[in-house]
Amino acid sequence: MATEQSTQTPATAPGDTRIHNIGYRSYDGPRLGRGYARLSLYSQSLRGSYGLGRSVKSKVLPMLLFVVMCVPAAIMVAVAVATKANDLPLDYTRYAIVMQAVISLYVASQAPQSVSRDLRFKTVPLYFSRPIETADYVRAKFAALASALFILTAAPLLVLYVGALLAKLDFTDQTKGFAQGLVSVALLSLLFAGIGLVIASVTPRRGFGIAAVIAVLTISYGAVSTLQAIAEVQSSGDAAIAWIGLFSPITLIDGVQSAFLGASSAFPGGVGPSSGEGVVYVLFTLGLIAGSYGLLVRRYKKVGL
C-alpha cells in the first residue's frame with residue numbers, strides 16, 4: 001500500500017512547491033495474462049456456486065439442494081437392490097425432468113449470486129480494466145454456472161449407475177443409459193445457465209433476480225404443459241403438442257432426448273416429437289444457448305463502459 005513519506009510542515013507562502021514521495025514501486029513479477037485471469041474467475045465462480053470459500057450461511061441452500069437431488073437416486077438404488085429388480089425404477093434421461101423443480105430453484109438461487117453482486121457494487125469495470133475482456137468475463141461466468149449445474153444433475157445419475165452395477169443389472173444397457181443421461185443433463189446445464197444469467201444480469205438486486213428466474217422457468221413450463229393438455233383433449237394431434245413444447249426450457253430438453261436419445265417423453269400421451277421435429281428442437285435449443293451468450297456479451301459491454 002502506498003505510504004506518504006513527507007511530514008507536515010507549517011503553511012508556506014503562495015507559489016511554494018512541495019515534493020512528496022508516496023512510495024509506489026513497479027511490479028517485476030510474472031504477467032500471467034488473460035488465460036489465467038479467466039481461469040481464476042471461472043474457478044472462483046464455480047466454488048461460489050456451492051458456497052465454498054464463503055460463509056456457512058451461503059453453503060446451506062446449494063448443499064441442501066445437492067442432497068435433495070441425490071437422495072431419491074439413492075432410494076431407487078436401494079429398492080432395486082432389495083427387490084432384485086431387472087431394471088431401475090426411473091430411466092437416466094427422465095431423472096432431471098422429474099427433479100426439474102429442484103434444478104430451477106438452484107438456478108434461481110445461484111445465477112443472481114454469480115452476477116448480481118458485481119452489478120450492485122459496480123465492480124464490473126474493474127474486471128475490464130486489464131487484462132480481462134468482456135467476452136472473458138461472460139465465458140467464465142457462463143462456464144462456471146453450467147459446470148455447477150452439470151455437477152448437480154450428473155451426480156444422481158452416477159449414484160444410479162453405480163447402484164445399478166451393484167445390483168448386477170445389465171452392464172451394456174446401464175452404460176448406454178448413463179451416457180444418454182449425461183448428454184441430456186449437459187445440454188440442460190448449458191440452456192438453464194444461459195437463461196438464468198441473462199435474467200439475473202438485468203437487475204443488481206439479488207432478490208429480484210431470484211424471483212424473475214423462478215417465474216420464467218416455472219410459468220413457462222406450467223403454461224406449456226397446460227396448452228399441451230388442452231391440445232390432447234381437443235385431439236389437435238401430436239404435431240401441435242410437439243410445437244407447443246418449444247416454448248419452455250424443460251420441455252425443450254424433453255423433446256430433444258425423446259427424439260434422439262431414446263428417452264420416454266413426459267408430453268401428454270407419452271408421444272414426443274418426431275425426428276424431423278426433433279431437429280427443430282435441437283436448433284432451437286442451441287439457438288437459445290448462443291443467444292443467451294450474445295445477450296450477456298452485449299449487456300456487459302454496456303455495463304463496463
Side-chain angles (χ1 to χ4, degrees), residues 1-2 24-55 58-59 62-63 66 103 106-155 158 179 182-204 206 209 213 282 285-305:
M1 183 175 67
Y24 286 120
R25 291 181 294 179
S26 61
Y27 174 72
D28 298 325
R31 304 285 181 173
L32 300 177
R34 289 173 57 189
Y36 182 81
R38 187 167 53 239
L39 181 61
S40 298
L41 182 58
Y42 166 79
S43 62
Q44 289 300 318
S45 299
L46 178 57
R47 285 166 51 85
S49 295
Y50 284 95
L52 303 178
R54 301 173 61 204
S55 64
S58 300
K59 296 179 176 67
M63 292 300 181
F66 182 83
I103 299 171
Y106 182 87
V107 176
S109 64
Q110 298 309 312
Q113 183 277 138
S114 182
V115 297
S116 294
R117 289 186 301 170
D118 291 341
L119 294 171
R120 182 176 183 181
F121 297 111
K122 303 183 186 302
T123 57
V124 174
L126 298 179
Y127 285 108
F128 303 152
S129 59
R130 58 176 171 176
I132 200 171
E133 296 183 0
T134 305
D136 299 321
Y137 179 89
V138 172
R139 289 192 197 108
K141 292 292 185 178
F142 201 131
L145 185 57
S147 299
L149 276 167
F150 183 75
I151 293 171
L152 180 77
T153 52
L158 181 61
L182 290 180
V183 172
S184 175
V185 298
L187 192 60
L188 181 148
S189 299
L190 288 170
L191 179 61
F192 275 53
I195 293 173
L197 288 174
V198 166
I199 297 171
S201 68
V202 174
T203 174
R206 184 181 177 187
V213 173
V282 171
T285 302
L286 295 179
L288 280 177
I289 294 171
S292 298
Y293 173 78
L295 287 173
L296 285 169
V297 171
R298 286 195 290 272
R299 163 67 173 159
Y300 280 97
K301 280 183 178 178
K302 293 180 181 180
V303 174
L305 295 178

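Nothing here was measured: the structure is a model prediction, and the numbers come from that model.
- Heavy atoms only, all atoms of each residue included: Ile195 and Ser292 are closest at N-OG, 3.9 Å.
- Under a 3.5 Å cut-off, the side chain of Arg299 and the backbone N or O of Ser201 do form a donor-acceptor pair.
- The closest donor-acceptor contact from the side chain of Ser116 to the backbone of Gln113 lies at 3.5 Å or more, if one exists at all.
- Without hydrogens or angle criteria, Lys59 side chain to Tyr50 main chain gives no donor-acceptor distance under 3.5 Å.
- Ser43 contributes a side-chain N or O that, together with a main-chain N or O of Ser40, makes up a donor-acceptor pair within less than 3.5 Å.
- Closest non-hydrogen pair, Thr203 versus Gly209, comes out as CG2-N, 3.8 Å.
- Considering every non-hydrogen atom in both Pro62 and Gly51, the closest pair reads CG-N, 4.3 Å.
- In terms of modelled atom types and a separation under 3.5 Å, the side chain of Asp136 and the main chain of Glu133 share a donor-acceptor contact.
- Ser114 places no side-chain N or O within donor-acceptor distance of the main-chain N or O of Gln110, the cut-off being under 3.5 Å.
- For the 3.5 Å distance criterion, the side chains of Tyr42 and Arg139 fail to qualify, holding no donor opposite an acceptor.
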Worked check of side-chain contact (heavy atoms from CB on, under 4.5 Å) between Phe192 and Val213 | CA-CA 10 Å; Phe192 275 53; Val213 173; over 6 Å; no

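- Inspection of the Tyr127 and Thr134 side chains reveals no N or O donor paired with an N or O acceptor under 3.5 Å.
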Leu188 and Phe150: CA distance, side-chain angles, deciding distance, side-chain contact (heavy atoms from CB on, under 4.5 Å) verdict | CA-CA 8 Å; Leu188 181 148; Phe150 183 75; over 6 Å; no

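- Between Tyr300 and Tyr137, the ring planes lie tilted relative to each other; the angle falls in the 30° to 60° range.
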Walk me through it: do Leu296 and Lys141 pass the test side-chain contact (heavy atoms from CB on, under 4.5 Å)?
-> CA-CA 10 Å; Leu296 285 169; Lys141 292 292 185 178; over 6 Å; no

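- Side-chain atoms of Ser49 come within 3.5 Å of backbone atoms of Ser45 as a donor-acceptor pair (strictly under, hydrogens ignored).
- Ser184 meets the side chain to side chain donor-acceptor pair (under 3.5 Å) test with Gln257; sequence neighbours excluded.
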